[in-house]
Protein chains: 2
Amino acid sequence: MNIPQTSFPRVVIIGGGFAGLAVAKGLQKQELQVVLLDKHNYHTFQPLLYQVATGGLEPDSIAFPLRKTINNLENYFFRLTEVTNINSETNTVETTIGNLEYDYLVIATGSKTNFFGNKNIEENVMEMKSVPQSLNIRSLIIENFEEALLTSDLEERKALMNFVIVGGGPTGVELAGALAEMKKGILPKDYPDLDIRQMQINLIQGSDRLLDAMSKKASQKSEDFLIKLGVNIWKNVYVQDYDGLNVTTNTEESFKASTVIWAAGVIGGTIDGLNQDIVQRGRRFKVDEFNKVVGYDNVYAIGDVASMQSEEYPHGHPMMAQPAIQQGKLLAKNILAQLKGKKQKSFSYHDKGSMATIGRNKAVVDLPKWKFQGVFAWFVWMFVHLFSLIGFRNKVIVFMNWVYNYIRFDRETRLIIRPFKNKNKYSFRKEDA
Amino acid sequence: MNIPQTSFPRVVIIGGGFAGLAVAKGLQKQELQVVLLDKHNYHTFQPLLYQVATGGLEPDSIAFPLRKTINNLENYFFRLTEVTNINSETNTVETTIGNLEYDYLVIATGSKTNFFGNKNIEENVMEMKSVPQSLNIRSLIIENFEEALLTSDLEERKALMNFVIVGGGPTGVELAGALAEMKKGILPKDYPDLDIRQMQINLIQGSDRLLDAMSKKASQKSEDFLIKLGVNIWKNVYVQDYDGLNVTTNTEESFKASTVIWAAGVIGGTIDGLNQDIVQRGRRFKVDEFNKVVGYDNVYAIGDVASMQSEEYPHGHPMMAQPAIQQGKLLAKNILAQLKGKKQKSFSYHDKGSMATIGRNKAVVDLPKWKFQGVFAWFVWMFVHLFSLIGFRNKVIVFMNWVYNYIRFDRETRLIIRPFKNKNKYSFRKEDA
């Protein structure tokens, strides 16, 4: 990998998400060598992926070049690669571009989509965990409407205009809302020769309420907002199969849809090589209160891939940005404390609250001591997300886009720049561009 | 294609570039049906593709959804498709989504890269005529540097950092300048462990001066600017072959380079079905002074694909935006005049001048009565390009990016969002993301 050997201990961080970047930042200007590994050359601000998928933002504005996060720092290295195995006996990570020894290893690989072992579903649904996947969804939505124009087969046209979103957490709710706004504001103008009222947006939730990790008030309000926007909500329904056209569920209900977006859950992005006993529910590595992987001395896991179990969080912390950032920050301090022979601090999660946006002027916010919904919540949501985006340029570009979209009731980034190779029955353009 | 038959005559426009959009705009609110066909769902502002390729702009900011250009107009239709053949006997265009009859046909298909029949070159070089192609170049540039980090083979590393741009017209000059600015401002920061001085940018021009369609002063100044930026300029040199690593020329000179960008010329994007006799030099359809394709009554060609020959322009007008826009505007008027039984006007090209930017504060401008270079020219270039971009949002976003890049000496959109499937010997990541 051509990383120089120095007399400083080497910290290898796998993953440049919220958790990985927080550690890297906390280790600056120390007597350490830091190596950051990621399979993308950019950090992805996942909370806004749904806006890329629905044409509200350009992909570049929610991503940040990883090299730029470290390019003023001495003894920091980045490598674009995928880690294939961890060998804890030799303290080595094995990657697609060679092996690398570590003194400290930080696993911050985040999470990936959970298909619950169903191969059919995995093959036929759309995921939304990365920028390329979001662009694929954007392409497929537009391709579907272009194709719907061409067919005289009513059933086919209905399927092309039928969108099924599986999972009523923040991702599913926000995506359903954004699609509903497209249905209202953009699509009738773009496709005057289609009856856009035939477009259906179905949001399928396994439990008995949307946003079930938030307050009951937030669930109720988000449901109200979505119903007002014309979204069909299905609660206590599990999707059992999808062949590219037919969605079957555990109930009588079934759907014929060309597009199914899977937001039904995530599992940890674990890496092979460590003891399998420590892989907990949700494929997360069991860690102690210092985020040290149980049974290892110099291997840490933070963020989505870590399961730190406590009375309050028997299955680990929620798989969201906040625990990842907080764990990353503390781990950096603890590594430095350890090097200086000082006492380490155990992690305790400071829950700052959570929020979701449903559409124009519509959001729900749960703060620890205050829960509110509506226009003000929407402004809070926007402010928090702008503030959290990495990079000044990104903040400005996203802000300008939001102002434009708000004033003009528009979403202008509707380019098919990654034509999606449609595997469905009703396929349209199979070739690449 | 599901386009309704009406009592109005139908104008079919193939291509939503500068020429096609100008016609479509000129035919608004008339007793006509207009059908616009394009293989992309967006208009591409080609003059700024090189900034997408070099990380200065996001792709969405130089493209504009074609449906949005027509979505307030009655009896206007858009179809996403490729035209495969023209049958002038039945007045029908044949496309990948079915046939369509026309009363008037406007061919505005623009141009494509001219490989001069060399299959090796066609297979191994990069093109820059579309948004996806520009994103491929961006990916390849970054992938090359990531790979250069990993190798200890000096020759391989040099090849990965060697860029050959073939063609010293505006595209080649602007791209060489932008790459040189990356070399100066971005790459040394991003790759501190590489010796960026080893990066070579070679600009190869067949004739004896760069920008040979512009004034001698512009050629001289652009050459000075490029030399100051460290670009190697090779004049009177023709590239004869490229196998993915070795560039051979008509001289002793040869290059070992992983990246060759081909900007050596374009040919018209002609469509099959018309009489082959009218295909002129540069694969352009011969048209009369009304842009009517010679030998046909109701078939027109405009822009790059049209060759209107006169004493001043024996091989047709230059293949640039201005003639395309002017021909499109006039053709719309002439179609309307014809319908109303009025006299048609013959085309005469109003040359507004031409310009090219080389880098920060460096541009050359040839106006009909005034030629100037340097900082002021650079501001004029920026103003003209901002003004010509379609869409208010695009203007704002591009402007913000330019201000940011100028103040910060940066180019932040360095994402690999379409990993390039590198076919070269020194390939790096073959899989899709």
Side-chain angles (χ1 to χ4, degrees), chain A residues 1-4 39-42 55 57-61 63-65 67-68 71-72 74 77-80 96-98 130-132 135 142-143 146-147 149-152 189-193 391-394 396-397 400-401 404-405 408 410 412-419 428-429 432-433, chain B residues 1-4 39-42 55 57-61 63-65 67-68 71-72 74 77-81 96-98 130-132 135 142-143 146 149-152 189-193 391-394 396-397 400-401 404-405 408 410 412-419 428-429 432-433:
Chain A
M1 275 205 213
N2 266 348
I3 310 255
K39 60 183 173 177
H40 291 296
N41 73 328
Y42 50 88
L57 290 173
E58 46 276 84
D60 303 71
S61 63
F64 194 82
R67 288 202 171 271
K68 203 174 146 71
N71 70 8
N72 290 314
E74 232 171 299
F77 296 87
F78 170 76
R79 288 296 180 267
L80 182 63
T96 49
I97 56 170
S130 72
V131 165
L135 288 172
I142 301 171
E143 286 168 11
E146 294 294 337
E147 198 183 348
L149 273 175
L150 305 177
T151 180
S152 316
K189 275 193 234 157
D190 265 11
Y191 299 92
D193 31 353
F392 176 71
R393 194 199 69 96
N394 285 353
V396 173
I397 300 292
M400 299 305 296
N401 272 298
Y404 179 87
N405 295 347
R408 303 277 284 253
D410 206 346
E412 224 173 59
T413 65
R414 308 203 279 274
L415 280 59
I416 303 179
I417 44 178
R418 280 177 64 96
F428 170 54
R429 280 153 56 102
D432 213 338
Chain B
M1 275 205 211
N2 266 348
I3 311 258
K39 60 183 172 176
H40 291 297
N41 73 328
Y42 50 87
L57 289 174
E58 46 276 85
D60 303 72
S61 63
F64 193 82
R67 289 200 169 274
K68 204 175 145 69
N71 70 11
N72 289 314
E74 233 171 297
F77 296 87
F78 170 76
R79 289 295 180 268
L80 183 64
T81 184
T96 48
I97 56 169
S130 73
V131 165
L135 288 172
I142 301 170
E143 286 168 11
E146 293 295 337
L149 274 175
L150 304 177
T151 178
S152 317
K189 275 193 235 155
D190 264 10
Y191 300 93
D193 32 352
F392 176 72
R393 193 199 71 95
N394 285 354
V396 173
I397 301 291
M400 299 306 297
N401 273 296
Y404 179 88
N405 295 348
R408 303 278 284 252
D410 205 346
E412 223 172 60
T413 64
R414 308 202 279 275
L415 280 59
I416 302 179
I417 44 178
R418 279 176 64 97
F428 171 53
R429 278 154 54 101
D432 212 338

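All chains are named by letter (A, B, ...) in the order of the sequence lines, taking the proteins before the strands, and each is independently numbered beginning at 1. Source: prediction; values computed, not measured.
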#### Entry: Max heavy-atom pair count under 4.5 Å with chain A, selected residue of B:Val396, B:Ile3, B:Thr151, B:Asp193
B:Asp193

### Counterpart residues, ring pair (Phe, Tyr, Trp, His ring centres under 6.0 Å), relative to A:Tyr191 (two or more places apart)
A:Phe145

### Task
Counting only heavy atoms closer than 4.5 Å, note whether B:Pro59 contacts chain A via side chain, backbone, both or neither.
both

### Message
Assess the residue pair B:Leu80 and A:Ile416 against the criterion (side chain to side chain contact (heavy atoms under 4.5 Å, CB included)); give the C-alpha distance rounded to whole Å, side-chain angles, the decisive distance to 0.1 Å, and a yes or no.
### Response
CA-CA 11 Å; B:Leu80 183 64; A:Ile416 303 179; 3.9 Å; yes

### Task
Determine whether B:Ile97 and A:Glu146 make a side-chain contact, defined as any pair of heavy atoms from C-beta on separated by less than 4.5 Å.
no

### Query
Between B:Asp60, B:Val131, B:Asn405, B:Asn2, which residue shows the highest count of heavy-atom pairs closer than 4.5 Å to chain A?
B:Asp60

### Message
Counting only non-hydrogen atoms closer than 4.5 Å, does A:Asp190 touch chain B with its backbone (N, CA, C, O), its side chain (CB onward), both, or neither?
### Response
both

### Message
Please report the interatomic distance CZ(B:Arg79) to CG(A:Leu149), rounded to the nearest 0.5 Å.
### Response
4.5 Å

#### Entry: Sidechain N-carboxylate O distance under 4.0 Å for A:Lys68, B:Asp410
yes

## Note on the structure
Looking only at A:Arg67, A:Arg414, A:Met400, the option with the highest number of non-hydrogen pairs under 4.5 Å against chain B is A:Arg67

